[in-house]
Novice: 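Sharing a structure below in structure tokens format, with a few things to ask.
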Amino acid sequence: MSKKKLPSRTEDYNDWYNTVVMRADLADYGPARGTMIVKPYGWTLWENMQQALDRRFKDTGHVNAGFPMFIPKSFIDREASHVEGFSPELAVVTIGGGKQLEEPLVVRPTSETIIGHTYSKWIKSYRDLPVLINLWNSVVRWELRTKLFLRTLEFWWQEGHTAHATYEEAQEETLQMLEVYIDFARNEAAIAPFYGRKSNSEKFPGADVTYSIEAMMGDKKALQAGTSHNLGQNFAKAFDIQYLDNNNEMQYCWTTSWGLSTRFIGAMIMTHGDDQGIIMPPRLAPHQVVLIPIHKDDGQKSIVMETVDRISTELLDHDIRVHIDDREGFTPGHKFNYWELRGVPLRMEIGPKDVANQSVTLARRDIVGKEGKNIVSQENITSKVSDLLIVIQDSLLERAIKFRDGNTCEPRDYDHFKEIVADGFALAWWCGEDTCEIAIKSDTKATSRCIPDIDLPVKGGACIYCGKMSKDKAYFAKSY
RNA sequence: CGGGGUGUAGCGCAGUUGGUAGCGCACCGCGUUUGGGACGCGGGGGUCCGCGGUUCGAGUCCGCGCACCCCGACCA
């Protein structure tokens, strides 16, 4: 391992991010431009995220299925705004088995179209509804500028696709899944995103309404970290998803889709990371505790390892994810830095002094240096560790909220607005017009992130840009 | 596609008037070490982005490609 320090986040945030992703062994570049290799450490994190999400999907009545990666090109063309949105970034297969294909196949950029085609065959009666399916897969979008986890040609995600009998049910589903993402973000990833409705220009191509969760990164830029769409009857009409209602009348279905991707890993890195590296929220961390044995000679080693084995077994028995770093030839100091870079939330050092005193040394990743270090007795070590993991989880969330709110302001006027979005989020009255959003973007590089559904103390206000009376406020920020 | 930059060991770089390639980290071996990034000795690893040209001789000079990165237009 390099002994070089990381680039500091304040000096070059971008450099810090790229370096930390590589050095922490989360991911690497693939051989084709813009592709990503997720390394085992990064994939384990993804698996933990998958489990936390999948549990929530199952709890809300969804089931998983697998759908084809190849989609007939003509499917994409069926829904007008969907084509418009996705055609610039499609990967298209024209040759198969050495022969030119009759019809080109699109590598799925998302599955709404093939789902539409399939649901129209499956759904005949109101008794078939709702259909609540989720897919775990990867999708391909031919991006021009890429960045590990945040935007690559291929990325891994889940996409939920549901069909309902009524608008109300579809809208309820859309909002329910938004809630699932908010809950996942807060309680698993210790991220407190803003959330709300997307503006017309920011919504998903083919959706009536898009909702998103928007998290503030360490450089105060916004990252869209999950989306939930009410697709109305757009895809139902394009793919003829109809059912007979209980009056024997044909009706179009109302569909939704919602997704969260490996991009969220980027959100975790950029929410919690510091100049020592990344910080994993305990609930998702591949290793929750790293145990570092310290010893000089073989005699000390066998004594120390006895305690290490006993304590690690006890922790493992209580489902705490422990990793013992017993590699030879690395000093403890080296290992401290190594695991701090990788973000393990809690480090336990056990050396001869600890064995003699029936103690262990615990070091919190979220509190750098001596202040985060404590020597505690081995008594009830399991409950001490699991309590501390909860404390760390909570403090990460609290810190993230404080940072978010400390960098979000309501502007007095447009000059003030420009000042705010240069280095933070603005919550401002906004008319919602495309022209206003475009003007603001060319002026400030900031775009509307979402329009929160919040109780406003006054009924309306003047749009921050054009001054027109507006009933909503929107968050504005520069974004990834 | 516009504007800027870089291609030399896995990574980061040096390479003088053109003379046959080196440094740091990483890697392998042996020994001493180990409570905040250990040290010594030994070792392996190179179509110098590609093609063409000038020359007795090109990493170096000239021409043409290609790739990648950064900044803009598009994006979970």
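Each chain gets a letter, A, B and so on, in the order the sequences are listed, and its residues count up from 1.
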Novice: Base, sugar-phosphate or nothing for A:Arg141? Non-hydrogen atoms, less than 4.0 Å.
Specialist: base

Novice: Rounded off to whole Å, could you give me the CD-to-P distance for the A:Gln300 and B:rG35 pair?
Specialist: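 Atom CD in A:Gln300 sits about 11 Å away from atom P in B:rG35.
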
Novice: Please determine, by modelled atom types, if A:Asp219 and A:Tyr480 share a side-chain donor-acceptor pair under 3.5 angstrom.
Specialist: yes

Novice: In whole angstrom, give the distance that lies between atom CD of A:Glu349 and atom P of B:rU34.
Specialist: 16 Å

Novice: For A:Glu340, answer base if it contacts any base atom (sugar-phosphate contacts may also be present), sugar-phosphate if it contacts only those atoms, and nothing otherwise; contact means non-hydrogen atoms under 4.0 Å.
Specialist: base

Novice: Describe the nucleic acid contact of A:Thr262 in one word from base, sugar-phosphate, nothing, applying a heavy-atom distance below 4.0 Å.
Specialist: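 Touches nothing.
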
Novice: A:Tyr338 has a side chain; which of B:rA76, B:rG37, B:rG35 sits nearest to it?
Specialist: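 Nucleotide nearest to A:Tyr338's side chain: B:rG37.
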
Novice: Verify side chain to side chain donor-acceptor pair (under 3.5 Å) between A:Thr227 and A:Ser212, making sure each step is shown before the conclusion.
Specialist: CA-CA 4 Å; A:Thr227 49; A:Ser212 72; over 6 Å; no

Novice: In whole angstrom, give the distance that lies between atom CG of A:Leu362 and atom P of B:rG35.
Specialist: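 Answer to the nearest Å: 19 Å.
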
Novice: Can you tell me which nucleotide in B:rG72, B:rG37, B:rA73 comes closest to the side chain of A:Leu144?
Specialist: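 Ranking B:rG72, B:rG37, B:rA73 by closest atom to the A:Leu144 side chain puts B:rA73 first.
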
Novice: Provide, to the nearest angstrom, the distance between the CZ atom belonging to A:Arg23 and the C1' atom belonging to B:rG12.
Specialist: 11 Å

Novice: Taking atom C1' in both B:rC13 and B:rC56, what distance in whole Å separates the two?
Specialist: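 My reading of the C1' atoms in B:rC13 and B:rC56 gives 32 Å.
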
Novice: How are the rings of A:Phe75 and A:His117 set to each other: parallel, tilted or perpendicular (split at 30° and 60°)?
Specialist: tilted

Novice: Pairs of donor and acceptor atoms involving the side chains of residues 62-69 of chain A, under 3.5 Å and at least two apart or interchain, shall be tabulated with distances.
Specialist:
residue: A:His62; atom: ND1; partner: A:Phe57; partner atom: O; Å: 3.0
residue: A:His62; atom: ND1; partner: A:Thr60; partner atom: O; Å: 3.4
residue: A:His62; atom: ND1; partner: A:Thr60; partner atom: OG1; Å: 3.0
residue: A:His62; atom: NE2; partner: A:Glu173; partner atom: OE2; Å: 2.7
residue: A:Asn64; atom: OD1; partner: A:Asn134; partner atom: ND2; Å: 3.0
residue: A:Asn64; atom: ND2; partner: A:Asp54; partner atom: OD1; Å: 2.9

Novice: Hey, does the Lys NZ or Arg CZ of A:Arg78 hover above the aromatic six-ring of A:Phe239, less than 6.0 Å from the centre and inside 45° of the axis?
Specialist: yes

Novice: Compare the ring of A:Phe155 with the six-membered ring in the base of B:rA76 and state whether they stack (centres under 5.5 Å, planes under 30°).
Specialist: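 Yes; centroid distance and tilt both under limits.
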
Novice: Using the C1' atoms only, state how far B:rA67 lies from B:rC51, rounded to an integer number of Å.
Specialist: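 Those two atoms are separated by 14 Å.
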
Novice: Mind checking if A:Asn14 touches a base, just sugar-phosphate, or nothing, with heavy atoms under 4.0 Å?
Specialist: nothing

Novice: Any carboxylate oxygen within less than 4.0 angstrom of a Lys/Arg side-chain nitrogen, looking at A:Arg56 and A:Glu179?
Specialist: no

Novice: Any luck finding a side-chain donor-acceptor pair between A:Glu84 and A:His82 under 3.5 Å?
Specialist: no

Novice: Work out how far the C1' atom of B:rU33 is from that of B:rC39, and round it to whole angstrom.
Specialist: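 About 8 Å, rounded to a whole number of Å.
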
Novice: Relative to the 5' end of RNA chain B, which residue comes earlier, A:Gly329 or A:Ser479, by the nucleotide with the nearest heavy atom?
Specialist: A:Gly329

Novice: Name the nucleic acid region contacted by A:Leu150, choosing base, sugar-phosphate or nothing; use a 4.0 angstrom heavy-atom cut-off, strictly under.
Specialist: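 Answer is base: heavy atoms of A:Leu150 come under 4.0 Å of a base.
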
Novice: With rounding to the closest Å, how many angstrom separate the P atoms on B:rC23 and B:rG45?
Specialist: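 Comparing P positions in B:rC23 and B:rG45 gives a spacing of 14 Å.
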
Novice: Give the dot-bracket string for RNA chain B, reading 5' to 3', where a pair is Watson-Crick or G-U wobble with both distances under 3.5 Å, ( ) marks pairs inside the strand, [ ] marks pairs crossing earlier ones, | marks a partner on another strand, and . marks unpaired.
Specialist: (((((((..((((.....[..)))).((((((.....)))))).....(((((..]....))))))))))))....

Novice: The side chain of A:Pro332 lies closest to which of these nucleotides: B:rU34, B:rG72, B:rG36?
Specialist: B:rU34

Novice: May I ask you to say whether A:Glu349 pairs ionically with A:Lys335, meaning some side-chain N is under 4.0 Å from a carboxylate O?
Specialist: no

Novice: B:rA76, B:rG36, B:rC69: which one has an atom nearest the side-chain heavy atoms of A:Asn337?
Specialist: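 Among B:rA76, B:rG36, B:rC69, the one nearest the side chain of A:Asn337 is B:rG36.
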
Novice: Using the side-chain heavy atoms of A:Glu143, tell me which of these nucleotides is nearest: B:rC69, B:rA76, B:rG35.
Specialist: B:rA76

Novice: About how many Å separate CD of A:Glu112 and OG of A:Ser257, when rounded to the nearest 0.5 Å?
Specialist: 3.5 Å

Novice: Nearest to the A:His334 side chain among B:rG35, B:rA38, B:rG36, which nucleotide is it?
Specialist: B:rA38

Novice: Scan A:Gly259 against the nucleic acid and name what it touches under 4.0 Å (heavy atoms): base, sugar-phosphate only, or nothing.
Specialist: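 If one applies the 4.0 Å heavy-atom cut-off, A:Gly259 turns out to touch nothing in the nucleic acid.
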
Novice: Distance check, C1' atoms only: B:rG19 and B:rC28, in whole angstrom units.
Specialist: 34 Å

Novice: Name the nucleic acid region contacted by A:Gln224, choosing base, sugar-phosphate or nothing; use a 4.0 angstrom heavy-atom cut-off, strictly under.
Specialist: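 The answer is sugar-phosphate, as A:Gln224 gets under 4.0 Å only of primed atoms, P, OP1 or OP2.
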
Novice: Verify whether one side chain among A:Ser201 and A:Asp434 offers a donor that lies under 3.5 Å from an acceptor in the other.
Specialist: no

Novice: Name the nucleic acid region contacted by A:Thr152, choosing base, sugar-phosphate or nothing; use a 4.0 angstrom heavy-atom cut-off, strictly under.
Specialist: base

Novice: Roughly, in whole Å, what's the span from NZ in A:Lys445 to P in B:rA73?
Specialist: 8 Å

Novice: Just how far, in rounded Å, is C1' of B:rG10 from OH of A:Tyr29?
Specialist: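 One finds 16 Å between C1' of B:rG10 and OH of A:Tyr29, rounded.
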
Novice: With respect to the phosphate group of B:rC74, does any side-chain polar atom (N or O) of A:Lys441 fall under 4.0 Å of OP1 or OP2?
Specialist: yes

Novice: Rounded to the nearest angstrom, tell me the gap between atom CG in A:Asp325 and atom P in B:rG35.
Specialist: 14 Å

Novice: Can you check the distance between B:rC48 and B:rA58, where both ends of the measurement are the C1' atom (answer in whole Å)?
Specialist: 11 Å

Novice: Check whether the side chain of A:Thr331 and the base of B:rG36 form a donor-acceptor pair under 3.5 Å.
Specialist: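 Result: no qualifying N/O pair found.
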
Novice: Roughly how far apart, to the nearest Å, are B:rA38 and B:rC25 at atom P?
Specialist: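 Approximately 13 Å lies between the P atom of B:rA38 and that of B:rC25.
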
Novice: In this structure, how many angstroms lie between the C1' atom of B:rU33 and the CZ atom of A:Phe330, rounded?
Specialist: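 It is 14 Å, rounded to the nearest whole Å.
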
Novice: Can you say whether a donor on the side chain of A:Lys373 sits under 3.5 Å from an acceptor on the base of B:rG36, or the other way round?
Specialist: yes

Novice: If each of A:Lys353 and A:Thr227 is mapped to the nucleotide of RNA chain B with the nearest heavy atom, which maps nearer the 5' terminus, i.e. the 5' end?
Specialist: A:Lys353

Novice: How far does the C1' atom of B:rC68 sit from the matching atom of B:rC49, given to the nearest Å?
Specialist: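 Here B:rC68 and B:rC49 have their C1' atoms 10 Å from each other.
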
